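A quick note: this is a predicted structure, and the numbers were derived from the prediction, not measured. Ligands are counted one by one from 1 in listed order, and the atoms in each one are counted from 1 as well.
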Amino acid sequence: MKLRILFVEDSKIDMEIELRQIRQAGHDVVVERVETKAAMQTALASHEWDVIIADYSLPQFSGMAALETLKESGLDLPFIIVSGAIGEETAVALMRSGAHDYILKQNISRLSPAIERELHEAANRRARREADQELKNNQARLNFLSEASGLLGSSLDYDTTCKGALALSIPQFADFCAMDLVVGDGQYSRLAVAPNDQQHARHIQEIRRHERVILMGEAELDGEVRDSVLEKSSICVPLIARGLILGAVTFVITDSDRRYGEKTLWLAQEFARRVAAAIDNAKLYREAQIAIQARDEFLSIASHELRTPLTTLSLQLQVAKRELSQGNDLPDRDRLIEVCEISLLQTNRIINLIEELLDVTRIRAGRLNLHFEVVNLSQLIREIVASFSPQLAQAGCQVESKIDSDVTGLWDKIRLEQIVSNLLSNVIKYAPGKPVKIGLIGKENMVTLKVQDFGPGISKEKQAKIFQRFERLMGPENISGLGLGLYIIDQIVRALKGRVYVESEVGKGSTFVVELPRAQ
Ligand code: ADP
């Protein structure tokens with residue numbers, strides 16, 4: 001490699017003499033000679049140098065002034081004075097000021113060994129400086145992560161904590177950063193931290209790399225495509241929690257010539273891990289809160305639902321007791337029969353409610369055991385409709401059936417009965433006074449059951465919820481139910497490898513569709 005020497009020397013001949021010595025020691029050189037401060041400044045700024053060899057006195061400059069000029073530049077280069085004759089005091093002053101060596105012209109053979117020694121020393125100093133800097137950088141990275149972790153763990157309001165954590169990266173690790181969270185199919189919500197000016201505001205809009213990173217699930221360091229002219233270097237890392245990609249964080253350098261490298265990539269990944277965990281925790285917490293609330297509401301509904309028939313039952317028993325204990329008269333037989341009928345009705349209501357609760361427990365425990373047998377669904381539906389006809393008539397629901405004959409399959413009869421009964425009960429509850437259409441179509445491998453009413457209908461938003469556990473969409477006050485019927489239907493249909501869904505429009509009624517494969 002060529003030795004790059006900057007001479008501060010007015011005499012070309014002197015320079016040649018020194019160069020001959022250096023070349024004799026086996027060095028190949030690149031040389032420039034300057035005689036003024038301005039020329040030296042230009043040379044220092046425009047090229048890289050290995051060593052400076054300066055004369056002590058020049059017509060328009062001096063060795064001491066050259067040393068000052070080097071210091072002003074902030075560069076750490078070996079600086080060697082070569083001079084005809086300088087006194088001991090001057091030599092000491094020069095060394096004190098930072099010159100690395102001085103060599104008398106009559107002793108010029110010392111020059112090469114001095115250069116070599118000083119190059120070695122300068123390399124050592126550089127290595128030490130770099131190690132110190134790396135230590136500081138590592139410390140700064142760890143500080144950033146620990147501050148970010150502290151902030152992220154301080155609250156479950158992740159919007160605020162994430163914004164605060166992102167802001168910690170500026171200006172040390174980025175001039176601009178953004179967090180994009182997946183909120184829907186191909187849709188993101190962005191949280192950005194950037195200098196508050198128009199140029200950056202436009203830049204925020206232009207950043208798109210998160211889309212690629214979220215799709216691929218892999219970090220990107222200075223990707224091939226620049227999103228904006230402002231961007232000099234960038235890192236984009238996915239936010240992954242429990243295997244799910246929640247979004248991405250992008251760090252961008254816009255205002256300096258710094259470049260991101262592997263170490264900042266590591267930092268960004270660690271940061272993203274913490275952010276993703278914080279977001280995930282906040283989400284889980286919110287879901288747990290909603291679940292607890294739903295359970296509490298359910299408990300109050302269930303208590304209310306169980307108390308109503310029990311109150312009626314208790315009243316009927318009181319009536320019976322009064323009848324039986326009145327003197328010696330024989331009790332009114334018809335009256336007692338009526339009491340028994342009402343009591344049995346209420347008892348059945350209680351049994352049904354408890355059965356629903358038990359079904360949910362069975363489903364949760366994975367114990368919804370099915371007993372498969374050949375079932376004639378056409379016949380089963382006709383029987384159930386017949387058994388429901390007094391209630392349907394009382395509710396003013398005229399039934400129109402269109403049932404393919406002898407639609408058979410390998411199913412669980414009791415569970416199919418439950419499905420049809422629950423759907424008819426809902427028609428009576430939610431669509432009284434309107435007709436109901438029941439249809440059954442048997443295809444080669446699949447059968448489709450449809451129960452269509454002309455009641456209030458269910459909004460799109462609510463349709464997504466009604467098949468969930470404990471989901472009662474409050475209707476009129478007097479309609480009772482645990483909000484479990486459709487959940488149980490959905491679970492049974494799934495167990496039978498079919499599906500159930502609703503087609504509905506508010507004000508126009510609802511059609512519940514059950515599709516079942518004939519064989520399992
Ligand atoms: P429940 O009837 O006990 O509340 P379901 O699981 O059977 O429980 O129904 C869940 C919710 O779906 C009901 O609370 C009701 O708001 C709505 N729903 C069910 N069937 C109908 C229907 N035929 N018409 C309108 N809304 C209905």
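The proximity of Val427 to ligand 1, defined as any non-hydrogen pair under 4.0 Å, does not occur for either the backbone or the side chain. Only the side chain of Lys429 comes within contact range of ligand 1, with a heavy atom under 4.0 Å; no backbone atom does.
By the 4.0 Å N-to-carboxylate-O rule, Arg129 lies close enough to Asp76 to be salt-bridged with it. Contact check on Lys232 versus Asp255 returns no salt bridge, with no Lys/Arg side-chain nitrogen under 4.0 Å from an Asp/Glu carboxylate oxygen. Looking at Arg362 and Asp359, a side-chain N of the basic residue comes within less than 4.0 Å of a carboxylate O on the acidic one, giving a salt bridge.
Within the 4.0 Å heavy-atom shell around ligand 1 one does not find Ala431. Taking 4.0 Å as the cut-off, Gly483 counts as a neighbour of ligand 1 on heavy-atom distance.
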Inset, instruction - Applying ring-ring contact (aromatic ring centres under 6.0 Å, His included), run through Phe251 and Phe173 and close with a yes or a no. - result: CA-CA 8 Å; Phe251 296 96; Phe173 300 109; 8.1 Å; no
Inset, instruction - Let me see the working for Lys263 and Glu134 under salt bridge (Lys or Arg N to Asp or Glu O under 4.0 Å), right down to the final yes or no. - result: CA-CA 10 Å; Lys263 293 216 166 106; Glu134 192 44 34; 3.1 Å; yes
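Taking any N or O of Pro456, backbone or side chain, none lies under 3.5 Å from an N or O belonging to ligand 1. The N/O atoms of Leu482, backbone and side chain alike, include one that comes under 3.5 Å of an N/O atom in ligand 1. Geometrically, ligand 1 and Ile458 share no nitrogen or oxygen pair separated by less than 3.5 Å.
Other residues, nucleotides and ligands contribute over 12 non-hydrogen atoms within 6.0 Å of the OH atom of Tyr501.
When each of Arg208, Arg259, Arg209 is paired with Glu231, the salt bridge (Lys or Arg N to Asp or Glu O under 4.0 Å) condition holds for Arg209 and for no other.
Taking every heavy atom of Leu486 and a limit of under 4.0 angstrom, the matching atoms of ligand 1 come to 5 (P), 6 (O), 7 (O), 9 (O), 10 (C), 12 (O), 19 (C). If you number the atoms of ligand 1 from 1 as listed, the ones under 4.0 Å from a heavy atom of Leu484 come out as 6 (O), 8 (O). Ligand-side atoms of ligand 1 in range of Ser510: 24 (N), range being under 4.0 angstrom from any heavy atom.
When the heavy-atom distances from atom 2 (O) of ligand 1 to Phe467, Tyr487, Tyr430 are ranked, the shortest goes to Tyr430.
For the 3.5 Å distance criterion, the side chains of Asn352 and Glu356 fail to qualify, holding no donor opposite an acceptor.
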